[in-house]
Amino acid sequence: MVKNLRGIYRPMTRAWRKYRVAHTTDAIIRAVSRSVTDPATVLLGRYDPTGSLRYTGRSTVLPRPIATTLPARLSLAGEEHPWAARTFSAAWGTKTALTVVLVVPELVVEVRANVSQDSADRWRHPVKLVRLRDDLAPADVPLFGDDTPSN
């Protein structure tokens, strides 16, 4: 929070400002919402030190240029996908399930993430997809729980 040090609390006014810290980092696309031919958002993961792919968070609605080029880059996952039996909430605090299509974890993206994390080390807020990272392989992505900024 940012406020005037000499200021006093004034009910019903917006005199204080909230300052959020964000940084860019990388993650692996593991699923898309809506459909693989018309993705709305992506569900992201990172490997933990034991080699398990963990869910780290979900993106905001994809920018149209990325949403139109992404389907050609995705491959559908088989039944061996580690998230095959998992359901995802459509929104915070709701029990409505999100329709997702699981994909092979081969595409790395750069995201802008708020530094807030929940108790399970996932991003607390949806992240914004910045760009596809053709220069990185999934093994180059930071490990789950390591949110050292890339910039």
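Keep in mind that this is a model prediction, so the values were computed, not measured.
For F144 and Y55, the ring centers are positioned 6.0 Å apart or more.
Partners of T37 under the side-chain contact (heavy atoms from CB on, under 4.5 Å) rule, at least two apart in sequence or in another chain, are S35. Every residue meeting the side chain to side chain donor-acceptor pair (under 3.5 Å) condition with S33, not counting sequence neighbours, appears here in chain and number order: T41. Under the side-chain contact (heavy atoms from CB on, under 4.5 Å) criterion, L74 pairs with I29, V32, V36, L70, V103, L107, not counting sequence neighbours. Remark: T69 pairs with no residue by the side chain to side chain donor-acceptor pair (under 3.5 Å) rule, at least two apart or across chains. Applying the salt bridge (charged side-chain N to carboxylate O under 4.0 Å, His left out) test to D48 and every residue at least two apart in sequence or in another chain returns R54. Among residues two or more places apart in sequence or in another chain, the side chain to side chain donor-acceptor pair (under 3.5 Å) test is passed with T87 by none. Remark: P71 engages P39 in a side-chain contact (heavy atoms from CB on, under 4.5 Å) (not counting sequence neighbours). For R86, there are no salt bridge (charged side-chain N to carboxylate O under 4.0 Å, His left out) partners at least two apart in sequence or on another chain. P138 meets the side-chain contact (heavy atoms from CB on, under 4.5 Å) test with I28, Y47, V108; sequence neighbours excluded. Scored by the side chain to side chain donor-acceptor pair (under 3.5 Å) test, T60 finds no partners at all (sequence neighbours excluded).
Scanning all heavy atoms of the two residues, the minimum distance from A27 to V141 falls at CA-CG1, 3.9 Å. Of all non-hydrogen atoms in G45 and L53, the two that sit nearest each other are C-CD1, 4.0 Å.
The residue from L129, T24, V127 that alone fulfils the side-chain contact (heavy atoms from CB on, under 4.5 Å) condition with R112 is T24.
For residues 95-104, the set of pairs meeting the salt bridge (charged side-chain N to carboxylate O under 4.0 Å, His left out) definition, not counting sequence neighbours, is empty. Applying the salt bridge (charged side-chain N to carboxylate O under 4.0 Å, His left out) test to pairs two or more places apart or on separate chains, those with a residue in residues 65-82 are R73-D134.
Between R30 and P105 the shortest side-chain heavy-atom distance falls below 4.5 Å. Using a 4.5 Å heavy-atom cutoff, the side chains of S59 and K128 are not in contact. By the 4.5 Å heavy-atom criterion applied to side chains, V101 and R34 are not counted as neighbours. D26 has its side chain within reach of L136: a pair of non-hydrogen atoms, C-beta onward, lies under 4.5 Å apart.
Cluster annotation: V42 and V130 are assigned to distinct hydrophobic clusters (Ile/Leu/Val/Met/Phe/Trp/Tyr, side-chain heavy-atom contacts under 4.5 Å, transitive).
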Step by step, work out the side chain to side chain donor-acceptor pair (under 3.5 Å) result for S52 and R46.
-> CA-CA 8 Å; S52 296; R46 285 182 171 172; over 6 Å; no
Would you sort out whether L43 and V100 count as a side chain to side chain contact (heavy atoms under 4.5 Å, CB included), showing the intermediate values?
-> CA-CA 9 Å; L43 283 74; V100 298; 4.0 Å; yes
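Distance check, rounded to the nearest 0.5 Å: CZ of R131 to CD of E110 gives 4.5 Å. Taken to the nearest 0.5 Å, the OG atom of S75 stands 4.0 Å off from the CD atom of E106.
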